[in-house]
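Reviewing the structure listed below.
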Amino acid sequence: MTAKMPDSGTSTDAGAEAVAAGRAEIEAITNERLGERLRELRLRSGKSLRALARELGISASAVSQIERGTMRPSVSRLIAIVSAIDVPLAAVFDTSETGEYTATGEGGVPEPPVEGFAVRRSWEVAPVFLDGGVVFRRLSPVPTPDVEFFESTYPPGSVSNVHRQFLKHEGYEVGTVTQGELTIEFESETVTLGAGDSITYPCQRPHIVSNRSETATAVATWLIIHR
């Protein structure tokens with residue numbers, strides 16, 4: 001991927017317009033586009049809608065509603081879906097419309113550049129809006145082998161699983177809270193993290209992430225390492 005640099009003759013106003021246009025595009029990342037991407041990834045995996053529904057323990061109608069964009073998945077549901085179709089969470093952010101690096105590897109998942117470097121500007125980062133108001137944003141400029149790097153924003157009172165079911169998935173997780181407070185619930189322990197605090201645990205350990213504040217938004221960065 002080639003870094004996008006402004007021409008020397010570009011005016012400040014023109015640059016501001018480009019940033020505004022980019023942000024407008026980010027705002028246009030709708031439930032429909034998320035659903036379309038999940039459907040595309042499922043079809044590439046060869047798994048039928050009904051087979052995915054059985055594996056997730058939900059109805060085929062619910063999966064269909066997510067893929068049509070009429071229902072937003074929660075954090076836990078989104079991770080369960082990508083785990084079931086055996087693609088990294090980062091694959092959700094890679095669509096042809098974004099203009100990202102599009103070379104594909106196994107399963108059609110985009111691969112990162114083999115050499116050189118990649119740059120992605122802040123206004124080019126397309127977030128995913130999930131159930132309960134949680135927002136996920138990928139921080140790595142392109143997909144990186146065996147590593148996923150994200151930022152999550154949890155509004156007051158939000159939780160990773162609206163049904164409060166514990167989540168577990170593949171990998172090893174490292175999280176750092178950068179704003180507000182997040183609570184990580186395990187089956188027998190609960191940990192509350194403030195700004196600057198960090199945590200690490202195997203993703204196979206059942207967990208729920210929530211923001212118990214009634215007024216303050218919580219933001220954290222997450223590094224998921226696949227072994």
* Asked: Does CZ in R68 sit with more than 12 non-hydrogen atoms of other residues, nucleotides or ligands closer than 6.0 Å?
  -> yes
On a heavy-atom basis, the closest approach of G175 and W222 is CA-CE3, 3.4 Å
query: In terms of hydrophobic clusters joined by side-chain contacts under 4.5 Å, are L41 and L49 together?
result: yes
So CD of E40 and OG of S45: to nearest 0.5 Å the spacing works out to 11.5 Å
inquiry  = Same cluster or not: M71 versus V128, using hydrophobic residues (I, L, V, M, F, W, Y) connected whenever any side-chain heavy atoms lie under 4.5 Å apart?
reply    = yes
What one should report as the nearest heavy-atom pair of C203 and I224 is SG-CG2, 4.3 Å
In this structure, OG1 of T192 is separated from CG of L182 (nearest 0.5 Å) by 9.0 Å
Q) Tell me, do F150 and T221 make a side-chain contact under 4.5 Å, heavy atoms counted? A) no
Can you tell if the side chain of V191 reaches within under 4.5 Å of the side chain of T183, non-hydrogen atoms only? no
**Same cluster (ILVMFWY, side-chain, under 4.5 Å), V177 and I199** = yes
Taken in chain and number order and not counting sequence neighbours, the residues that satisfy salt bridge (charged side-chain N to carboxylate O under 4.0 Å, His left out) with R42 are E67
- Message: I want to check something: taking the side chain as every heavy atom from C-beta on, are V159 and R212 in contact at a cut-off of under 4.5 Å?
- Response: no
To the nearest 0.5 Å, atom CD1 of I208 lies from atom CG of L167 at 9.0 Å
- Query: Are side-chain heavy atoms of D131 and P73 found at a separation under 4.5 Å?
  - Reply: no
T217 and Q179 have their tightest heavy-atom pair at O-NE2, 3.5 Å
message = Contact between L78 and L89 at the side-chain level, heavy atoms closer than 4.5 Å - yes or no?
response = yes
Aromatic ring proximity, centroids under 6.0 angstrom, F166 and F186: no
Residue set satisfying salt bridge (charged side-chain N to carboxylate O under 4.0 Å, His left out) with E151, at least two apart, ordered chain then number -> R137
query: Is there a donor-acceptor contact under 3.5 Å from the side chain of N211 to the main chain of P155?
result: yes
P141 and A118 have their tightest heavy-atom pair at CG-O, 3.7 Å
- Flag the pair E189 and R205 as a salt bridge only when some basic side-chain nitrogen lies within less than 4.0 angstrom of an acidic carboxylate oxygen. yes
Can you tell me if CD on E187 sees more than 12 non-hydrogen neighbours from other groups inside 6.0 Å? yes
task: Evaluate the side-chain contact (heavy atoms from CB on, under 4.5 Å) criterion for residues S210 and E185: first the C-alpha distance (whole Å), next the side-chain angles of each, then the deciding distance (0.1 Å), finally the verdict.
output: CA-CA 8 Å; S210 63; E185 297 176 57; 3.9 Å; yes
Q | Side chain S76, main chain S160, donor-acceptor under 3.5 Å | A | yes
| message | Using a 3.5 Å distance criterion without hydrogens, assess whether the side chain of S198 forms a donor-acceptor pair with backbone atoms of T176. | response | no
Do Y172 and L223 make a side-chain contact, defined as non-hydrogen atoms from C-beta onward lying under 4.5 Å apart?
no
- Is it true that H169 and H207 have ring centroids separated by less than 6.0 Å? yes
Problem - Worked check of salt bridge (Lys or Arg N to Asp or Glu O under 4.0 Å) between R138 and E148 - result: CA-CA 8 Å; R138 197 182 78 195; E148 302 189 68; over 6 Å; no
Heavy-atom closest pair (L52 atom, A84 atom, distance to 0.1 Å) is CD1-CB, 3.5 Å
Side-chain heavy atoms of I184 within contact of Y201, under 4.5 Å = yes
(message) Could you check whether atom CD of Q204 has more than 12 heavy atoms from other residues, nucleotides or ligands sitting under 6.0 Å from it?
(response) yes
Check your understanding: Just by modelled atom types, is the I79 backbone N or O under 3.5 Å from a matching donor or acceptor in the S83 side chain?
Key -> yes
Looking only at heavy atoms, the pair that brings F136 and V75 closest together is CZ-CG1, 3.6 Å
_Does any part of the side chain of S74, heavy atoms only, come nearer than 4.5 Å to the side chain of L130, both counted from C-beta?_
no
